[in-house]
Amino acid sequence: MSREPSAPNPAAANSAVTEWTDELAQSMLDAVPAGTVVLDHSGTIMLVNRAWAEHWAHHPESKPWAPGENYFDRCRRTAEHGDRVAAAVLAGLQAVAAGEQQVYVIDYDVAATRIRLRASRLAEGGGVYLTHTNVTRTVPEEVVRHDPLTGLPNKDEIEALLERELATRNLDDEVSVLLVDIDGFKEFNDALGPTHGDQLLQLIAERIAASTRPTDTLGRLTGDEFVVIARGCTSIAARALAAGFSSVLEPAFEVDDRRLTVTASVGVATSDDKTTEALQLVHDATTAMHAAKSLGRNSHQVFSTDLRDSNRKRLEMVERLRGVAMAEHELEMVYQPIVELASGAVVGAEALIRWNHPELGLLLPDSFIPLAEEADLIIPLSNWILGQVGSTIAAWQRNGLNVQVGVNVSPLHFKAGTLATDVIDIIDGMGIEPGRLVLELAESKSLHDIDAVHYQLMDVRRRGCLVAIDDFGSGFSSLERLATLPVDILKIDKSLTQHLDSRDLHRRRAMTALCKAVVEVTHDLGKDTVIEGIETAEQLDFCVDIGVTFGQGHLLGRPMTTTQLENILLQNGAHSASA
């Protein structure tokens, strides 16, 4: 009796075919000498070859990029730490995975190794096929010495060229180095993203190159710093060249359908008959560039020995501020009275910091607050100020003195995202009653980023802290925008006050009308006004006539110690400025 043939098992057959297909795919991948990875459309690693696995086996200190890991996520995390290569790779691979392009190639360096990543899209949206090839030996020496983004000589090449120039020149031949730093490039890069940020850098490099002389060499030092070696160029000629860079950058750049206005700060250093070190010349140009930035950006500065001494003193001030000043009580707070103009009563004060420097004497905030901001010291310094002012308010509160005290806050404290928390900690920790602490934001610095700080302002106001716009009139904010800001007090800048008694009748009338309009609109918005810089009796009379509520200035009271102001408050009987 013959047996019936057994029925086919489709599941088993499909499993066998799948297993055979996977083995074939793996064998083919293993035959590729370059490290190879296959991703699905979302970036998950599906397969890797033997070369890829062996590479990670030789680097046990690093977590391997193995099947199951997401290649896109790994690139994204690295890019978030500022790695531009990772950001570029992520953008390129995502474009391939989405079918926006078929192939993506990029060369990048890992330590001393040059890697070429090539990505192609698998058929029918099946994912992305990547190879990572070591091309170190095939990269010409000329390429290694050049910046891959702009094609310009890189830092090492610039230093080598400058060393050669200084060693072979006639002593009568001057060499100038111009260091060009793009102002605020980080903000451009944050807004545009790394890909378009790189595009902007390429366009900037083209503009600067177009304004150099045929004998000059343009290179790229770091991310947004370019350097020019100007051969046979005197200091005067180099100054003219620096001014030319500013002019050539003036027309707006167009990137990602946006028009961008770019400025640069330029430092100039010129060799003398004793100059032999390239690094020193570049360092001097860098010192001059920082001096140009301190002048307000979009300017140039020529290096001098005085500038070197000034820079050394600046660094010494920063280090003393960082390690000694707060700890040894060299810093102190003084308080300038704020007066209710109708009654003449002192109702509050603005807290102002002073530095009793052991060598330089009494320093006002303009001489060291910018240094603190540049050296990332402004947040600990701001918290020290808040602590001192909070302690003073709490002491006056215990003595029955109901006084408002304003304290200036840095835009960088807002930008760090911690100001609201730091202020609330002071209010809660010291038991400060609502309405006694006023945060003063400088209009010229803070209002341009008001959207970024809006929620922090709302948080502190909910805890009873008031908010004032300081120096109103020194910037470009409109009264219309003031209506939308979560503020309680407007402080009119002294630059307007000083013209209220001007001998120029036309100017006096114009400023009086302007201040009156500001005061009326501010009162209509339910906000108080404080006019700063009252120094003459005539200015005071004008302020009373136009309805200013509160005033501040040398005529009404100079900055004084806590004890001096407390004595005045006890004599006059203080009350709240907004009660």
Side-chain angles (χ1 to χ4, degrees), residues 287-297 299 301 304-338 349-393 405-413 416 419 422 438-446 468 470-471 474 491 493-495 498 532-533 535 552-554 556-566:
T287 298
M289 180 272 292
H290 286 300
K293 279 198 181 294
S294 69
L295 295 175
R297 301 183 173 188
S299 62
Q301 185 75 24
S304 66
T305 53
D306 289 342
L307 196 59
R308 178 184 292 161
D309 293 340
S310 175
N311 189 55
R312 177 180 54 79
K313 290 178 181 178
R314 172 183 169 276
L315 292 176
E316 290 173 353
M317 285 181 64
V318 168
E319 290 310 308
R320 186 166 190 87
L321 189 61
R322 187 190 308 276
V324 178
M326 285 182 275
E328 295 194 359
H329 308 293
E330 293 178 7
L331 303 179
E332 66 171 342
M333 302 305 300
V334 295
Y335 297 84
Q336 184 169 29
I338 295 176
E350 179 180 356
L352 303 166
I353 190 171
R354 299 288 187 264
W355 185 358
N356 293 300
H357 196 285
E359 298 172 0
L360 303 177
L362 184 66
L363 301 179
L364 299 181
D366 286 349
S367 64
F368 62 90
I369 292 296
L371 296 182
E373 291 180 330
E374 291 176 15
D376 293 331
L377 293 175
I378 194 61
I379 293 177
L381 180 59
S382 293
N383 286 333
W384 183 89
I385 293 171
L386 286 169
Q388 296 293 310
V389 173
S391 178
T392 298
I393 294 173
V405 180
V407 58
N408 295 282
V409 292
S410 169
L412 297 182
H413 206 156
L419 180 67
D422 294 338
V438 182
L439 299 185
E440 297 191 5
L441 291 73
E443 178 215 13
S444 58
K445 295 182 179 179
S446 302
D470 194 16
D471 303 331
S474 62
K491 301 187 73 174
D493 187 63
K494 61 185 178 183
S495 62
Q498 66 182 355
E532 301 176 303
E535 297 184 354
Q552 178 182 345
H554 287 173
L556 305 175
R558 292 177 178 273
M560 59 189 69
T561 66
T562 305
T563 302
Q564 289 171 329
L565 183 56
E566 184 174 341

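Since this is a predicted model, take the numbers as computed values, not measurements.
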Nearest non-hydrogen partners of I379 and L412, listed with the distance: CD1-O, 4.3 Å
Within-4.5 Å side-chain heavy-atom neighbours: P337 and R558: no
Atom NZ of K494: over 12 foreign heavy atoms under 6.0 Å: no
Test side chain to side chain contact (heavy atoms under 4.5 Å, CB included) applied to T392 and V405, step by step: CA-CA 9 Å; T392 298; V405 180; 5.8 Å; no
Between OG on residue S382 and CG on residue L419, distance to nearest 0.5 Å: 7.5 Å
Reported CG-to-CG distance for the pair D376 and L381, which is rounded to 0.5 angstrom: 12.5 Å
Min side-chain heavy-atom separation L321-E330 under 4.5 Å: no
Validation row: E440, V407 side chains within 4.5 angstrom (heavy atoms): no
Closest non-hydrogen atom pair, A288 against L307: CA-CD2, 3.6 Å
Residue of the set H290, E374, E319 for which side-chain hydrogen bond (donor to acceptor under 3.5 Å, both in side chains) holds with R314: E374
Nearest heavy atoms of P365 and P370, plus distance in Å: O-CD, 3.7 Å
For the student: nearest non-hydrogen atoms of E373 and S410, plus distance: OE2-OG, 3.0 Å
Note, L360 side chain near W355 side chain (heavy atom, < 4.5 Å): no
Non-hydrogen side-chain atoms of T562 and M333 separated by less than 4.5 Å: no
Heavy-atom closest contact (M317 atom, F368 atom, distance): CE-CB, 4.2 Å
Heavy-atom donor-acceptor pair, S391 side chain to Q388 backbone, under 3.5 Å: no
CD1-CD distance between I338 and E532, expressed to the nearest 0.5 angstrom: 8.0 Å
Check against salt bridge (charged side-chain N to carboxylate O under 4.0 Å, His left out), R312 and E316: CA-CA 6 Å; R312 177 180 54 79; E316 290 173 353; 3.1 Å; yes
Side-chain heavy atoms of V334 within contact of L565, under 4.5 Å: no
Approximate separation, where rounding is to 0.5 Å, of H554 NE2 and E535 CD: 6.0 Å
Side-chain touch N408/E350, heavy atoms, less than 4.5 angstrom: yes
Distance in Å, I353 CD1 paired with L363 CG, rounded so as to fall on 0.5 Å steps: 10.5 Å
Neighbour count above 12 (heavy atom, 6.0 Å) for N356 CG: yes
